[in-house]
Each structure stands twice: as structure tokens, then as C-alpha cells.
Amino acid sequence: MTDLERLVRRLRGLTSRGWRTNDRAAVVRRLAADLVAIGGEGHLLPELPDHALADVIAVVGTDALAADEPAASKLLAAALEATR
């Protein structure tokens with residue numbers, strides 16, 4: 001299982017309380033913005049509820065890995081640590 005898959009799975013399992021704990025929602029929103037910056041044009045991040053962020057990370061993470069795998073992998077690994 002890749003770090004992207006592991007992170008998306010973790011995020012999909014979070015409860016409302018889990019999103020608020022340790023400011024996870026803010027961490028994931030920053031990650032999404034950073035992944036969009038790596039993945040290139042075509043993505044605008046609309047305002048979404050926290051529970052939708054897992055799907056956002058799945059999409060923009062895949063694009064970012066295709067564009068710059070080392071940079072995206074580093075961000076995903078850091079996000080995995082930050083969302084424990």
C-alpha cells in the first residue's frame with residue numbers, strides 16, 4: 001500500500017472529532033494546496049467539508065505523484081506523520 005493510499009484510507013476513517021483533533025483538517029488542507037502546486041494546472045480547491053478532503057487528496061495526490069514523485073512523496077509521508 002502506498003503512502004497516498006494509506007493517507008486516503010486514514011482520512012476516510014476520521015470522525016468529525018478526529019478531524020478537529022491536532023488540527024488535522026488544516027494539515028490536510030495545506031497538503032492539498034501543496035499537492036495542487038506540484039501537480040500543475042487544472043485544479044482549483046473549492047471550499048469543502050472536512051469529510052470530502054480524503055477524495056481531494058486522492059485526486060490531487062495522484063496528479064502530483066505523476067508530475068514530481070519525490071516532492072509529492074515527501075509531502076505525503078509528512079502528512080501521514082502529522083495525521084496520526
Side-chain angles (χ1 to χ4, degrees):
M1 182 178 290
T2 67
D3 282 351
L4 175 60
E5 293 167 328
R6 194 172 296 117
L7 179 61
V8 168
R9 183 180 224 179
R10 178 179 295 164
L11 297 178
R12 285 184 176 148
L14 289 176
T15 63
S16 295
R17 182 178 178 185
W19 279 104
R20 291 188 306 267
T21 302
N22 297 326
D23 209 18
R24 283 187 183 117
V27 167
V28 175
R29 288 179 191 282
R30 282 191 301 274
L31 171 64
D34 291 344
L35 291 172
V36 165
I38 292 172
E41 298 178 26
H43 293 295
L44 295 175
L45 293 177
E47 288 298 318
L48 296 167
D50 295 340
H51 68 271
L53 291 173
D55 293 330
V56 170
I57 295 300
V59 172
V60 299
T62 299
D63 290 348
L65 285 167
D68 186 347
E69 192 272 333
S73 291
K74 185 176 177 181
L75 288 171
L76 291 166
L80 272 170
E81 185 64 32
T83 58
R84 285 183 184 231

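Position 1 is the first residue of the sequence; numbering continues from there.
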(message) For residues Leu45 and Val59: do they belong to one hydrophobic cluster (side chain heavy atoms under 4.5 Å, members Ile, Leu, Val, Met, Phe, Trp, Tyr)?
(response) no
(request) Could you tell me which non-hydrogen atom of Met1 sits nearest to which non-hydrogen atom of Arg9, and how far apart they are? (result) CE-NH1, 3.0 Å
(message) List the residues meeting salt bridge (charged side-chain N to carboxylate O under 4.0 Å, His left out) with Asp3, not counting sequence neighbours, and say none if there are none.
(response) Arg6
(message) Check whether Arg20 reaches the backbone of Thr15 with its side chain - one donor and one acceptor, N or O, closer than 3.5 Å.
(response) no
(request) Write down the atom of Ala79, the atom of Leu7, and the distance for their closest heavy-atom approach. (result) CB-CD2, 3.9 Å
(message) Run the salt bridge (charged side-chain N to carboxylate O under 4.0 Å, His left out) test against Glu47 and tell me which residues pass, sequence neighbours left out.
(response) none
(request) For the residue pair Leu31 and Leu76, establish whether any side-chain heavy-atom pair is separated by less than 4.5 Å. (result) yes
(request) For residues Ala64 and Ile38, report the shortest heavy-atom separation together with the two atoms involved. (result) O-CG2, 3.7 Å
(request) Nearest 0.5 Å please: distance from the CG atom of Leu11 over to the OG1 atom of Thr83. (result) 6.0 Å
(message) Please give me the minimum heavy-atom distance between Arg29 and Pro49, naming the atom from each residue.
(response) NH2-C, 3.9 Å
(request) First locate atom CD1 of Ile57, then atom CG of Leu4, and finally report the distance between them rounded to the nearest 0.5 Å. (result) 8.0 Å
(request) Consider only side-chain heavy atoms of I, L, V, M, F, W and Y, link residues closer than 4.5 Å, and tell whether Val56 and Leu80 are in one cluster. (result) yes
(request) Heavy atoms only: give me the nearest Gly61-Leu35 pair and the separation to one decimal. (result) CA-CD1, 3.8 Å
(request) Mind listing the closest non-hydrogen atom pair of Arg24 and Gly18 along with its distance? (result) NH1-O, 2.8 Å
(message) Starting from Leu48, can I reach Leu14 by hopping between I/L/V/M/F/W/Y residues whose side chains sit under 4.5 Å apart?
(response) yes
(message) Measuring from atom CG of Asp23 to atom CZ of Arg30, what distance do you get when rounded to the nearest 0.5 angstrom?
(response) 6.5 Å
(message) Nearest 0.5 Å, please: how far is OG1 in Thr62 from CD in Glu5?
(response) 8.5 Å
